[in-house]
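We count ligands from 1, going down the list as the structure has it; atoms in each ligand are counted the same way. For this chain, numbers begin at 1 and follow the sequence in order.
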Amino acid sequence: MASVAFHVSGLTKVYRSGEVDVHALRGIELEILESEMLVLLGPSGSGKSTFLNILGGLDRPTHGSIIFRDHDLGAMNDRDLTLYRRDHVGFVFQFYNLIPGLTALENVALVTEIAARPMRPEDALAVVGLKDRMHHFPAQLSGGEQQRVAVARAVAKRPDILLCDEPTGALDSPTGITVLEAIEQINAELKTTAVIITHNASIANMGDRVVSFADGGIAQIAGHDKRLPASSLHW
Ligand code: ADP
């Protein structure tokens with residue numbers, strides 16, 4: 001039995017927007033297992049990003065509890081949340097946010113310089129298949145290659161959790177698949193728990209489990225006995 005990385009119970013998030021309350025999450029109950037590849041599926045506005053941001057310590061719940069191993073994220077002050085993010089979490093967003101004036105290697109090194117037990121930046125780029133492009137600047141790389149640099153940057157500090165918000169949202173299908181293969185490889189080789197947001201049902205097939213969000217709640221959780229390799233996906 002795999003152990004549990006996150007216990008989430010009664011998780012609620014209400015945003016105050018002017019005079020109206022927006023109920024972004026309505027009592028989420030979920031356990032996320034160590035080393036699991038979890039896909040969050042659902043339409044725009046269903047609460048996926050809010051949930052991911054709370055998992056990553058970028059936002060706080062309004063009610064309910066979220067426990068990572070023995071850390072109660074809801075009880076942490078800002079400093080503790082910063083340390084939690086720094087020590088445990090790697091993020092990949094839809095837009096790569098690389099620094100244009102730095103090479104791929106330098107973009108990754110920026111993170112490893114402040115990490116406790118980092119990989120060598122060269123090794124992180126090798127995992128995502130970019131060893132031979134490491135001295136290139138972002139503008140000299142394709143969108144998919146830039147996103148793979150962003151994945152290398154996220155995992156170079158050896159995070160326990162890799163959180164990806166629409167990592168292929170800006171990419172065409174073949175390019176997006178190279179990014180998903182990089183995430184798959186990291187999950188397999190480093191045993192990093194990976195949570196991937198997508199609204200693309202085809203990508204859901206690469207998850208161990210697929211959590212479908214609807215209107216701030218979980219509509220369905222589907223398990224895959226045999227998840228599909230990213231290389232076999234198409235959309
Ligand atoms: P998804 O990722 O599934 O598209 P989100 O988590 O981004 O959904 O959003 C869920 C709901 O919360 C939406 O109605 C959205 O408009 C609202 N929301 C998200 N962030 C904020 C915020 N900072 N302030 C106010 N409302 C927000």
Heavy atoms of other groups near H199 NE2, more than 12 under 6.0 Å:
no
Can a salt bridge be assigned to the pair E34 and R69 using a cut-off of 4.0 Å between side-chain N and carboxylate O?
yes
Tell me whether K131 is salt-bridged to E122, with the criterion being a basic N under 4.0 Å from an acidic carboxylate O.
no
Can you see which heavy atom on K191 is nearest to which on S35, and at what distance?
O-OG, 3.3 Å
Nearest non-hydrogen partners of K157 and A115, listed with the distance
CB-CB, 3.6 Å
Contact residues of ligand 1, where a non-hydrogen atom lies under 4.0 Å away:
Y15, V22, A24, P43, S44, G45, S46, G47, K48, S49, T50
Which donor-acceptor pairs under 3.5 Å do the side chains of residues 55-62 make with protein atoms, sequence neighbours left out?
from : atom 1 : to  : atom 2 : distance (Å)
D59  : OD1    : K13 : NZ     : 3.1
D59  : OD2    : Y15 : OH     : 2.9
R60  : NH1    : M76 : O      : 2.7
R60  : NH2    : M76 : O      : 3.3
R60  : NH2    : D78 : OD1    : 2.6
T62  : OG1    : V14 : N      : 2.8

